[in-house]
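Below is one structure, written out as structure tokens; the observations come after it.
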Protein chains: 2
Amino acid sequence: MILQTKVGKKFIIVFNTINFLRNWFSGAGPLLLNRFWLVMTRYKNQKHFLVAVDCIVFGFDGQNLKILLIKRGFEPQKGKWSLMGGFVQPEESADEAASRILKGLTGLEGVYLEQLHVFSKPERDPIERTFSISYFALIDILRYQTQLNDEYHAEWFLLSEMPDLIFDHAEMVSMARKKLRYRAAMHPLLFELLPERFTIPLLQNLFEDVFETTFDKGNFSRKITSTGMLLKQKEKDKAGSKKGAFYFKLDKRHYRKNFHKVHSLVPNPGELI
Amino acid sequence: MILQTKVGKKFIIVFNTINFLRNWFSGAGPLLLNRFWLVMTRYKNQKHFLVAVDCIVFGFDGQNLKILLIKRGFEPQKGKWSLMGGFVQPEESADEAASRILKGLTGLEGVYLEQLHVFSKPERDPIERTFSISYFALIDILRYQTQLNDEYHAEWFLLSEMPDLIFDHAEMVSMARKKLRYRAAMHPLLFELLPERFTIPLLQNLFEDVFETTFDKGNFSRKITSTGMLLKQKEKDKAGSKKGAFYFKLDKRHYRKNFHKVHSLVPNPGELI
DNA sequence: ACAAAAGTGTTTCCAATACACCCATGA
DNA sequence: TCATGGGTGTATTGGAAACACTTTTGT
């Protein structure tokens, strides 16, 4: 039972039951029917929200694992430090948003970037409810360029000397550190933090910093070379000692086949949780 | 320099510079200032989106790992199978939304639920751009009640016999299976799938199904009991054999201390990725 | 008694650890 | 030639895997 009428320039069609609507629309083909059906039933009256991404950027300077933060040059929270973030735009995925934002901060592309967690407490942003999809990024600190937008200052911090952060950003960092260990136990992720050529003692520094422990240098060296993932170079780095340490490169061909051996490098793997 | 005027019933206040605005507002206290400031500068003109959650529900019937799907009883995609999902409401976090939705489907509360990944391709939902925060849930299949809303049918599927799913739900399931192995390697997660009392051969079935392999029954039994996580009960389950297998319970006191030993149960831990 | 699954005992072997030692080189 | 960090050799050991064997009990 359908009633059609006209009020001014508008047509009004009244359906008594939903099935009448479906029958009526089915003449228009299934696609159009589906579209209308969904809009009118399922998606109707649903609230829309802001969606942001925030990036936890890790770097390694040869000695220590560090994190990149920006200082807000504007209100609110002017002078406080925060992660680099921004809103997801209509035409991009969250991954694309994270890449775009990271490029804006560091000038780098092709960075290792992995989704961490969505933070979604309704009150986490005091201004307006915002979902934040957090990402952690690993960058070779030497490739990083300081050509920054002058809206914000960016600075590297030792993890032990990190300042207070806005909103729930400290929680994000804490989760990212945990996930970094967790992932690094299973995947040769940490090479993303190193330049193309690196020495084994340097690699050991990095592992020790990430896992907050120390390794026997002999065993570390033997284990990492026995994975077959590393290609020994002819040159040595003589900055660190008289004898010098050979440079290595990651062998990208054998990378995928042997990375599972990274696992054995990790102390107390079960304690990662 | 501020200009105030009145047009009809509206007051109009014009600030020459942003600093004038800040000064003027600071009399109202920092909270109000911050709120106005952010609304006017940072959040202005940002697009808002729908945010949904989708749950991948795993269960174990004693023999096989299964997944719970619902059949859509309405258009669009009527008759196709999908994960259980729904939109996040304004006053709830994504975790809370997932719990609510899962309770609606299974009647269960206190279920193990963990955030998996956000799916965010702009075109993933053909009707309107929707972010989906996926969760995986582990439930004891015996506690599950079939008192379902008659809007949809729910059914358990063997993972090997899963039907086609709508949108990108198949990708979600595939990621959830991977994450289940990954997490189970580090955490005694799989106990969530079992009833309070269970036998070791049952536990072995579950592990074998999750890790898609077989274990030596002797070694499995010895390893799992040596973790100290299990409390032997007096009764046996004689359904599976003449001799019968002792029931065990999870010792929740020693749970946290010993779960790292779960790790050694896993074959080729490095291959989990 | 026998079948069938649960669970134990025992051997083998590999790989993680510890640590002593050798190596290469600049000062 | 000696100090310094890089890297190797090697004994020890804990525990994972293999598998034969024993236990329990319904039929």
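Within every chain, numbering begins at 1; the chains are lettered A, B, ... in the order of the sequence lines, protein sequences first and strands thereafter.
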For D164(B), is there an ion pair with K80(B) - N to carboxylate O distance below 4.0 angstrom?
no
Find the distance E235(B):CD to dT24(D):P and express it as a whole number of Å.
17 Å
Heavy atoms only, 4.0 Å cut-off, all strands: where does G218(B) land among base, sugar-phosphate and nothing?
base
For atom CD1 of I224(A) and atom P of dA16(C), their distance in whole Å:
12 Å
Would you mind reading off the distance between Q233(A) atom CD and dG7(D) atom C1', rounded to a whole angstrom?
18 Å
Heavy atoms from C-beta onward define the side chain here; which of dA18(D), dT17(C), dA3(C) lies closest to that of R222(A)?
dT17(C)
Between NZ of K243(A) and P of dA27(C) the distance, given in whole Å, is 18 Å
Compare the minimum distances between each of dG26(C), dT17(C), dT10(C) and the side chain of K238(A), then state the nucleotide with the smallest one.
dG26(C)
Regarding the side chain of A245(B), the nearest nucleotide among dA6(C), dG6(D), dC19(C) is dA6(C)
Decide salt bridge (Lys or Arg N to Asp or Glu O under 4.0 Å) for K121(B) and E96(A); before the verdict, give the C-alpha distance in whole Å, the side-chain angles of both, and the deciding distance to 0.1 Å.
CA-CA 9 Å; K121(B) 285 202 192 93; E96(A) 287 160 356; over 6 Å; no
Nearest-Å distance, NZ (K223(A)) to P (dC14(C))?
18 Å
I need the CG-C1' distance between N205(B) and dA5(C), as an integer number of Å.
12 Å
With nearest nucleotide decided by heavy atoms, which residue, K217(B) or F248(A), maps closer to the 5′ end of DNA chain D?
F248(A)
Salt bridge K71(B)-E155(B), side-chain N to carboxylate O under 4.0 Å:
no
Of dT25(D), dA16(D), dG7(C), the nucleotide closest to the side chain of F246(B) is dG7(C)
One thing to verify: whether E212(A) and R177(A) come together as a salt bridge, which I'm taking to mean a side-chain N less than 4.0 angstrom from a carboxylate O.
yes
Quick one: Y247(A) OH to dG7(D) P, roughly how many Å, whole number?
12 Å
So does E114(B) pair up with R183(B), basic N to acidic O under 4.0 Å?
yes
Starting from C1' on dA6(C), measure out to NZ on K236(B) and report it in whole angstrom.
7 Å
Can you identify which nucleotide, out of dA18(D), dG26(C), dG7(D), has its nearest atom closest to the N219(B) side chain?
dA18(D)
